[in-house]
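For reference, the structure discussed in these notes is given below.
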2 protein chains.
Amino acid sequence: MLLRKHSKPSAKRQRNPKHTRECLLQAAFQEVYKSGFQSAGLDTILAATGVTKGALYYHFDGKEALGHAIVDEVIAVMTRDKWLLPLLGGGDPIETLINIVRATSLRPEAVRGGCPLNNLAQEMSPLDEKFRKRLARVFQVWQEGIATALRRGQTQGTVRRDLDPDETSSFLIAVYEGYISLAKNAQDVNVLKAGIRNIVGWLRSLRVPGSSTD
Amino acid sequence: MLLRKHSKPSAKRQRNPKHTRECLLQAAFQEVYKSGFQSAGLDTILAATGVTKGALYYHFDGKEALGHAIVDEVIAVMTRDKWLLPLLGGGDPIETLINIVRATSLRPEAVRGGCPLNNLAQEMSPLDEKFRKRLARVFQVWQEGIATALRRGQTQGTVRRDLDPDETSSFLIAVYEGYISLAKNAQDVNVLKAGIRNIVGWLRSLRVPGSSTD
DNA sequence: CACTACATACATACTGGTCGGTATGTTGCT
DNA sequence: AGCAACATACCGACCAGTATGTATGTAGTG
C-alpha cells in the first residue's frame with residue numbers, strides 16, 4: 001500500500017497530507033487488527049505505507065493518539081456502514097438484521113482476526129480509560145441503533161411487542177460478538193457459520209407470528 | 001502474596017519447590033489477568049511473590065511456558081470446577097446451568113477484568129498457535145461438558161428434544177462470553193446483570209413446557 | 001509577476017527505557 | 001558430597017519517542 005497508489009495521475013505527487021494521514025490510518029488499523037494495539041509496531045506501519053516517522057508524528061501525537069483515531073475514524077465508520085445505515089431504511093428491521101448478520105465475512109483472515117471493535121475493546125479497555133470510553137461510545141451507538149430499529153418494527157407491527165428493544169439489542173450484540181470470538185479462537189469457519197445460523201434462527205423468533213416471510 | 005504465606009508453621013521455610021511453583025503460577029495468572037499476557041511483566045510477578053528470576057527460570061522455561069502453564073493448570077481448572085463438575089451431578093442440567101450463570105461474580109474487578117479464558121484467547125490466539133490450541137482445548141471441553149449434560153437432560157425428559165445439544169451449548173457459551181465482554185468494556189455491573197437475566201430467561205425456554213419449577 | 005518569507009509537510013539519526021533472557025554464583029536438602 | 005533449588009548481576013534487542021534537518025507549497029509585498 002504505497003503512498004502514490006491513489007495519487008493524482010500527474011507523475012509523482014509529493015505533498016498530500018490528507019492522503020498521507022488516511023494511508024497511515026488504514027495501515028495502522030491493519031497492523032493493530034493483526035497484532036493487537038500493544039504489539040503493533042510503528043515501524044511496521046511505516047514500512048507498509050512508505051511514510052517516515054517524522055510524517056507520522058506530524059499527523060499524530062503518538063501511538064496512543066493513532067489508536068484513538070483508529071477507533072473514531074475507522075472502526076466507528078465500519079460499524080455505521082455495516083449496521084446503522086442499513087437499519088435506517090424503512091424495511092422490516094428483523095429482515096435487515098438477518099441480512100447484516102448473514103453478510104458477515106467468512107474469509108479465513110476475517111475468521112482468524114475476529115471483530116476489530118471487540119478485539120480492541122478486550123485488549124485496551126482495562127488498560128486505558130481513554131480507549132475504553134471511545135470504544136464504549138461505539139458500542140453504545142451500535143446498541144442504540146439496533147434498539148431504535150426494533151422499536152420502529154414494533155410500531156410497524158413486525159416485531160413482537162413483548163420484548164424490550166434495548167435488552168434484545170444487547171443480546172444480539174453479545175451473541176454475535178461471542179460467536180465471532182469462539183470462531184476466532186477455534187480458527188474454524190464452521191463455528192462462525194453455525195453461529196450465524198443460530199443467530200438468524202433466534203432473530204426469526206422475534207417476529208410477530210405470521211408476519212413477513214423469509 | 002508472599003512466599004511464606006502458607007509455608008509450614010516452622011518459622012521461615014526456605015526450600016519448597018511445589019509451593020514456589022504454585023505461587024508463581026497464581027501470581028502470573030493474576031498479572032496476566034490484569035494486564036494481558038504481552039504486557040504482563042515478569043518483574044511484576046517476581047515482586048508479587050518475592051521469588052527471584054533464577055527461581056522462575058528454574059521452574060519454567062520462559063514467559064511463554066509460564067503462559068501455557070496458566071492455561072493448563074489455572075484456567076482449565078477454573079472452568080472444570082465452575083462448569084463441568086456441577087454438571088456431572090444428576091440434577092436438571094438447565095437448573096444447574098442457571099445456577100452457574102447466576103453465580104457469575106459481580107465484583108467490580110471481575111466485571112472490569114472479564115473472563116480470563118476469553119481474554120487470553122482473544123489476545124493470543126491469532127499470535128501464537130501453541131497458545132491457541134491449548135485455549136481451544138479448554139473451550140472444547142467446556143462445550144462438550146454442557147452438551148453432554150443437555151443430552152442427559154433430554155433423555156431425562158427435562159430438556160426439549162428438538163434442540164441440538166452441541167449447538168445449544170455453543171450458543172450459551174457465545175452469549176455468556178459476549179455479555180461478559182460487553183460488561184468489561186462498559187465497566188458496568190448492570191450490563192452483566194441484565195445479561196445474566198436474559199441468559200437465564202433463554203435457558204428456561206430450553207425446558208420442556210411444564211417441567212420442573214424455578 | 002517575481003521574489004521572498006514563513007508555515008506546512010515531511011525525512012533521518014539518535015536516544016533512553018523497558019524487559020525477557022542468561023550466565024554464573026550460592027545455599028539448602030538428602 | 002552432590003544435586004536441586006534458588007539468588008544476583010548483567011546483557012542486548014526492541015521500540016516509542018525526539019531532536020533536528022530539509023524540502024515544498026503558498027501567501028504577501030513591491
Once ring pair (Phe, Tyr, Trp, His ring centres under 6.0 Å) is applied, what residue pairs with a partner in [range] remain, sequence neighbours excluded?
range                       : value
residues 88-118 of chain A  : none
residues 104-150 of chain A : A/F37-A/F131, A/H68-A/F131, A/W83-A/W142
residues 101-124 of chain B : none

Any side-chain heavy-atom pair of A/Q122 and B/E123 under 4.5 Å: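 Answer no - side chains too far apart.
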Dump every N/O contact between nucleotides 2-5 of chain D and the protein below 3.5 Å, one line per pair.
| from | atom 1 | to | atom 2 | distance (Å) |
| --- | --- | --- | --- | --- |
| D/dA5 | OP2 | B/Y58 | OH | 2.1 |
| D/dA5 | O4' | B/R15 | NH1 | 3.1 |
| D/dA5 | N3 | B/R15 | NH2 | 2.9 |

I'd like to know if the side chain of [X] reaches the main chain of [Y], judged simply by a donor and an acceptor atom lying under 3.5 Å from each other, with no hydrogens or angles considered.
X      : Y      : value
A/Q38  : B/Q38  : no
A/T104 : A/V101 : yes
B/R152 : B/L87  : yes

How far does the helix from C/dC1-D/dG30 to C/dT30-D/dA1 bend, going by the axes of its first and last five pairs, to the nearest 10°?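 Its terminal axes enclose an angle near 10°.
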Taking all non-hydrogen atoms of both residues, which atom of A/K184 and which atom of A/G114 are closest, and how far apart?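 What the structure gives for the nearest pair is CD-CA, 3.9 Å.
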In whole Å, what is the span from the CZ atom of B/F60 to the C1' atom of D/dC6?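 My rounded result for the distance is 14 Å.
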Could you give the CG-to-P distance, from A/L56 to D/dG17, as a whole number of Å?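 Roughly 10 Å, once rounded to whole Å.
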Please walk me through it: do B/K34 and B/E31 pass salt bridge (charged side-chain N to carboxylate O under 4.0 Å, His left out)? CA-CA 5 Å; B/K34 199 175 146 196; B/E31 166 69 1; 5.2 Å; no
Protein within reach of the bases, or only the backbone? For nucleotides 16-22 of chain C, mark each nucleotide 5' to 3' as B, S or -, using heavy atoms under 4.0 Å. ----BBB
Kindly check if the number of other-residue, nucleotide or ligand heavy atoms within 6.0 Å of CG (B/D61) is above 12?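 Count not over threshold, so no.
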